Amino acid sequence: MAGLCRGANIGGETETAKPVEPSSQSARRRRMEIHQFRFVASDTAVAPPLESGRRKRQRLGSADVPSGRACDNAVQNSIVDERKIPAGPGSEKDADSNKCCPSISSSSSEIKPAVELASDVPKFGMTSVCGRRRDMEDAVSIHPSFSREVPESSTDLHFYGVFDGHGCSHVAMKCKDRMHEIVKDELERVGENDSWENKMKRSFSRMDEEVTQWSTAVGITSPCRCELRTPQCDAVGSTAVVAVVTPDKIIISNCGDSRAVLGRDGKAVPLSVDHKPDRPDELERIQEAGGRVIYWDGARVLGVLAMSRAIGDNYLKPYVISEPEVTVIDRTDEDDCLILATDGLWDVVSNETACGVARMCLQSLKPPSPVRSPGNQDATTISAARESSDKACSDASILLTKLALARHSTDNVSVVVIDLRKNRS
Amino acid sequence: MENCKLQQKFECCFQDWINQQNQDLEELLQALSLNKDDDDENFQQLAAKGIKHFEDYTDKRALLAKHDAPSLLCPPWCTCFENAFLWIGGCRPSLSIRLVYSLCGAELNIDTGTADHLSAASSSPLIESQGNLADISSNQLHLINSLHLKTIKAEGKLSDRMASLQEEIADDPLAMIAKRARQVGESSQSVDEVLQGHSVALGCILVDADKLRLSTVKELFSILTPLQNADLLAASKKLHLSMREWGKRREQQMRDQCEMITGDQEEEINK
């Protein structure tokens, strides 16, 4: 990510893209695979607008959309079309990491300051730790601007997913790798004008099929602990709570007992209802399908699984289904933040407390006044403001994680906090 | 006689280590109570000293392990409570990370009893930096988590090696020698050789376990700040020494109880 970012900024600042040694800090960050959202690398700040029509900031209108995995964290990195940059060692490296990203075939010469353009990309913070367990089965996937609402529209969609695996980690990992691509594919189907609910349901269904096919395929190697040996690997699944955020809507699709909660005007609005086997409607559904819920260390489907819906878990079908419940909610000016987390958090922290903590963090770190970076031009100040916003989200996610640890959460803890406040100044 | 001396050497090594820890702990606690701010250099020095002492101790153990590894894995000079919780002759390497998590939680200066309280407190102490383990940053937490996963994996590998070694008891040659022997416990040169071989293998695992313990702490200390290191070191030493004292007390209590139990009661327990 840092490399990508640098390449882009170099392109923006000077005509010759030259190789840059990543600072040890950014190199380290990349090594550790920290998915921290950063507007721009701290030392490059926002590149000044450039006359050249060759490259453009990704968020400029009237351009085709870059898509695919490389758009992970791409927005803030001002992706440029690498193929159009004079080849240099630096750009080569970046182009490589950009392989799956279709070009931004832009001819627009109108370049606006990135800041103004990027303002509707929500900032986020993410923390995911193994905690007091000896296996890490959580996975988090974040892809800002992973898709656009309709082809040719300039409205960016952002993807946030939290997956809590059980049995082994491979289903959660697969969801992390693939879910956003499948959702994107479903959303961008030409000629489809279907409801959000149907699109998301199809996505989850495809994800589930993929997991099933993949784990029964022969000859694949997996680094996970079950090593995909059947029948163990049939008894593996994952929760999935996915948020697609548009400029005016939030679409939550949930399957399992991870949860999405919206902080709105100081209050907590749950956007998903946990799929527990003893939830009356779920209990009825399971029984109608011929399954039973047995109380064995809590309510469990067939006495085994403590949730009533999941991706994977082939052996518990049709009682355990992968169909998500989809919530579509309009964004308002009162929205503070969206929190996605696994039960490692929700088991010990209430929705209200979580939203309270997040809101406090967001409020306490207001974008700094221009004095903060003396002697520098506006761009630096603005980037500092961006960073502080990221920092606030990051502070919120880490504080919630610490709180979960303080309250003796015994599970993996994964928390994503997304800043939904508009018109931040 | 020879054996007795060796045993003393073992116990001495351990006792020295305990004394050293007591001394280090005192120093750490004093430094922590004096100044929390501008004392990074001092904290760093103390932390480095703590690591150095542990390193010296593991070096000595490596030497002793060549002579008699089993007594390091199940030391007669420790209480049986302590021994019951040992992992290959010491604490689990991941214990340090778990300790970071619980200290981080315990030192978190936050009362989240009610959400109202939270939203009311705009200038909450929550954001205030104290520099201790509660202030672990996002970056640190990510690094600690990676170290955690790596350590658990390494522990697993050592545990597997231990398991193989334990299972080898039931294999050729020990099992066959025992089966063929005319008398239970019949000794021979070959038996002694095999037992020595097992002991040496055990020693190798112990040395590797000590290495993992040391490297985990070292890496952890490179992630944390000097103050956090001092904080963690003090807490872990205190925990270790306390466990020892509690173990002793418990052993005494068990002994006292045993004496009080009459034959009838014993019978009942046996049921």
Side-chain angles (χ1 to χ4, degrees), chain A residues 25 28-29 31-36 125-136 138 223 225 263 265-268 336 348-361 363-365 390-409 412-414, chain B residues 87 92-95 97-130 132-157 159-160 219 222-223:
Chain A
Q25 193 201 358
R28 185 184 222 193
R29 190 178 300 127
R31 255 202 327 274
M32 304 322 292
E33 289 184 285
I34 292 171
H35 306 277
Q36 198 65 52
M126 187 279 270
T127 311
S128 183
V129 296
C130 189
R132 289 195 174 84
R133 277 194 55 168
R134 288 184 67 81
D135 308 303
M136 182 58 173
D138 280 6
R225 91 173 165 276
D265 199 16
K267 293 185 188 67
D336 300 318
V348 290
V349 177
S350 69
N351 295 354
E352 288 71 25
T353 303
C355 288
V357 169
R359 182 181 154 99
M360 195 170 52
C361 289
Q363 285 177 344
S364 69
L365 264 177
D390 296 352
K391 188 177 182 315
C393 289
S394 170
D395 280 352
S397 72
I398 194 173
L399 190 55
L400 286 171
T401 305
K402 286 181 192 171
L403 188 56
L405 290 172
R407 293 187 172 179
H408 306 284
S409 172
N412 302 147
V413 184
S414 297
Chain B
W87 176 82
R92 267 192 185 273
S94 55
L95 212 68
I97 292 154
R98 185 78 174 250
L99 187 60
V100 169
Y101 285 156
S102 47
L103 291 174
C104 159
E107 289 174 2
L108 199 60
N109 189 10
I110 175 173
D111 171 23
T112 48
T114 60
D116 296 342
H117 165 85
L118 279 171
S119 42
S122 53
S123 61
S124 165
L126 208 150
I127 309 299
E128 242 172 60
S129 166
Q130 304 165 25
N132 62 10
L133 286 164
D135 281 331
I136 280 177
S137 71
S138 181
N139 205 7
Q140 283 178 318
L141 193 61
H142 280 290
L143 294 170
I144 292 170
N145 187 52
S146 309
L147 175 63
H148 193 189
L149 296 175
K150 194 172 85 181
T151 307
I152 285 173
K153 226 179 201 172
E155 278 180 13
K157 275 187 186 160
S159 289
D160 284 352
E219 192 169 340
S222 73
I223 297 169

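Everything quoted here is computed from the prediction, not taken from an experiment. Here is how names work: the chains are called A, B, and so on, in the same order as the sequence lines, proteins then strands, and each is numbered from 1. Just so it is clear, the values below take in all heavy atoms, side chains as well, and ignore hydrogens, waters and symmetry mates.
Contact of A:Thr401 with chain B is made through the side chain alone, with heavy-atom distances under 4.5 Å. Contacts of B:Leu149 with chain A are made by side-chain atoms alone, with heavy-atom separations under 4.5 Å and no backbone atom involved. Both the backbone and the side chain of B:Ile136 come within less than 4.5 Å of a heavy atom of chain A. The contact between B:Ser94 and chain A is made entirely by side chain atoms (from C-beta outward), counting heavy-atom distances below 4.5 Å.
Annotation: the span from B:Leu103 atom CG to A:Leu405 atom CG amounts to 11.5 Å, rounded to 0.5 Å. The line from SG of A:Cys130 to CD1 of B:Ile152 is 4.5 Å long, rounded to the nearest 0.5 Å.
Side-chain N or O atoms of A:Lys402 include one that pairs as donor or acceptor with a backbone N or O of B:Ala134 at under 3.5 Å.
Between A:Arg134 and B:Arg92 the shortest heavy-atom distance is NH2-NH1, 3.4 Å.
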Practice item. Give the intermediate values and the outcome of side-chain contact (heavy atoms from CB on, under 4.5 Å) for residues A:Lys391 and B:Ser138. Key: CA-CA 9 Å; A:Lys391 188 177 182 315; B:Ser138 181; over 6 Å; no
